[in-house]
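See below for the structure under consideration.
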Amino acid sequence: MPTSTQNVQTILNNLKQAYPNAKYELDWETPLQLLVATILAAQCTDERVNKVTKTLFPKYPTAQAYAEVDILELEEDLKPTGFYRNKAKTVKSMCQDLVERYGGEVPKTMDELVTLPGVARKTANVVLNTAFNMPSGIIVDTHVARVSQRMGLTKRKTPETIEQELMLLVPQEEWTFWGPAVVLHGRYTCTAKKPKCSECVLKNVCEKIGVTTTDN
DNA sequence: CTCCCGATAT
DNA sequence: ATATCAGGAG
């Protein structure tokens, strides 16, 4: 058995012990809500997104509602999440697309999702993994990318190529667990600045590539 | 590669 | 002051 495969098993075991119920922390009830929340989550904490969507979701119950809103009003609604002009434009045009091409429903395939404005593989994987329980791929956000590189699981730089390598290493039945678990690990332990290596459950199989500051 | 946006951590 | 934050488009 290759070393990397052995490491992946160890990583999985330790992650499951540390984050047994790992799941995405964005608040949502419908696929459309999760899709919108994930777009708003770009360069913004989930906590802030949840605060905004608490009032946003009741105001816009359907894709049609976003599609018809005045762009300036939507910009105001999304302002606290940052990148608000881009996000308002993206959400509105994406929902227009949903209404025109998919009857207002969120499509359930990767090929269809990534044709929507503002949706690439990361956002599509979040929706497919979380809302539709489909192992379409592995969520690779800034956290998963950073942790994977530090662990020595990949030397690639772009989310797409990192995802490709991870999909070869991680068994498919673990894909939907891997993403949320590694995101949590990256957010709270393997942080971008000053990672907490001394309390890391993966320290024994981590190569600490590019880690310059540790707490021990 | 840059740009979009603003709050927070360091 | 600067890096970073559940990214994606041009």
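In this text the structure is predicted, and so the values were computed from the model without any measurement. Letters A, B, ... mirror the listed sequences (proteins, then strands); counts begin at 1.
The interatomic distance linking A:Gln43 (CD) with C:dA3 (P) rounds to 14 Å, in whole Å. If you measure from atom NE2 of A:His185 to atom C1' of C:dA6, you get 16 Å, rounded to the nearest angstrom. Rounded to an integer number of Å, the gap from A:Leu40 CG to B:dC4 C1' is 14 Å. Whole-Å rounding puts the A:Leu113 CG to C:dG8 P distance at 12 Å. When the P atom of C:dG8 is taken as reference, atom CD1 of A:Ile39 falls 8 Å away, rounded to whole Å. Nucleotide C:dG7 holds its P atom 8 Å from the NZ atom of A:Lys87, rounded to whole Å. Between the CG atom of A:Asn86 and the P atom of C:dG10 there is a distance of 10 Å, given to the nearest Å. Atom P of nucleotide C:dG7 and atom CZ of A:Arg85 are separated by 20 Å, given to the nearest angstrom.
Not counting sequence neighbours, A:Tyr84 has no partner by the ring-ring contact (aromatic ring centres under 6.0 Å, His included) test. Annotation: salt bridge (Lys or Arg N to Asp or Glu O under 4.0 Å) contacts of A:Lys79 (sequence neighbours excluded): A:Glu76. Residues satisfying the ring-ring contact (aromatic ring centres under 6.0 Å, His included) criterion with A:Tyr19, sequence neighbours excluded, are A:His185.
Rounded to a whole angstrom, the distance from the P atom of B:dC5 to that of C:dG10 is 14 Å. Using atom P as the reference point in both C:dA6 and B:dA9, the two lie 12 Å apart (nearest Å). Atom name C1', nucleotides B:dC4 and C:dT4: the rounded distance is 15 Å, in whole Å.
Taking the charged nitrogens against the carboxylate oxygens, A:Glu73 and A:Lys92 have no contact shorter than 4.0 Å, which rules out a salt bridge.
Residues of residues 25-36 of chain A having a heavy atom closer than 4.0 Å to DNA chain C, listed by number: A:Glu25, A:Leu26. Less than 4.0 Å separates DNA chain C from no heavy atom of any residue of residues 157-166 of chain A. Less than 4.0 Å separates DNA chain C from at least one heavy atom of each of the following residues of residues 136-156 of chain A: A:Asp141, A:Thr142, A:His143, A:Arg146. Listed by residue number, the members of residues 61-83 of chain A with any heavy atom below 4.0 angstrom from DNA chain C are A:Phe83.
Here salt bridge (Lys or Arg N to Asp or Glu O under 4.0 Å) pairs that include residues 33-51 of chain A, with residues two or more places apart or in two chains, are A:Asp46-A:Arg187. Sequence neighbours left out, the pairs with a member in residues 131-159 of chain A that pass salt bridge (Lys or Arg N to Asp or Glu O under 4.0 Å) are A:Arg156-A:Glu165.
No single ILVMFWY cluster, assembled from side-chain heavy atoms under 4.5 Å apart, contains both A:Val182 and A:Tyr24.
In terms of heavy atoms, A:Leu32 sits closest to A:Ala63 at CD2-N, 3.3 Å. Listed here is the closest heavy atom pair of A:Ile39 and A:Lys87: O-CE, 3.7 Å. The two residues A:Val36 and A:Tyr66 come nearest to each other via the heavy atoms CG1-OH, 3.9 Å. Pairing each heavy atom of A:Ser148 with each of A:Leu166, the nearest pair is OG-CD1, 3.7 Å. Taking all atoms of both residues into account, the shortest heavy-atom contact from A:Val52 to A:Pro80 is CG2-CB, 3.8 Å.
Summarising the geometry, atom OG1 belonging to A:Thr90 is positioned 10.0 Å from atom CG belonging to A:Leu40; distances are rounded to the nearest 0.5 Å.
Sparse packing is recorded around CD of A:Gln17, with 12 or fewer heavy atoms of other residues, nucleotides or ligands lying under 6.0 Å away. Heavy atoms from other residues, nucleotides or ligands lying under 6.0 Å from CG of A:Asp70 number more than 12.
Under a 4.5 Å side-chain heavy-atom criterion applied to ILVMFWY residues, the cluster that includes A:Ile71 comprises A:Leu72 as well.
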Tabulate atom names and distances for all N/O pairs under 3.5 angstrom spanning the protein and nucleotides 8-10 of chain B.
residue	atom	partner	partner atom	Å
B:dA9	N3	A:Lys193	NZ	3.2

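Place A:Thr45 and A:Leu116 on DNA chain C by their nearest nucleotides, and A:Thr45 ends up nearer the 5' end.
Residue A:Val119 is classed as a sugar-phosphate contact, given heavy-atom separations below 4.0 Å to backbone atoms only.
Contact check, A:Thr123 against C:dG8: a side-chain N or O comes under 4.0 Å of OP1 or OP2.
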Going by atom type alone, with no hydrogens or angles, which donor-acceptor pairs under 3.5 Å involve a side-chain atom of residues 99-107 of chain A and a protein atom two or more places apart or on another chain?
residue	atom	partner	partner atom	Å
A:Arg101	NH1	A:Asp97	OD1	3.3
A:Arg101	NH1	A:Asp97	OD2	2.7
A:Arg101	NH2	A:Thr115	OG1	3.2

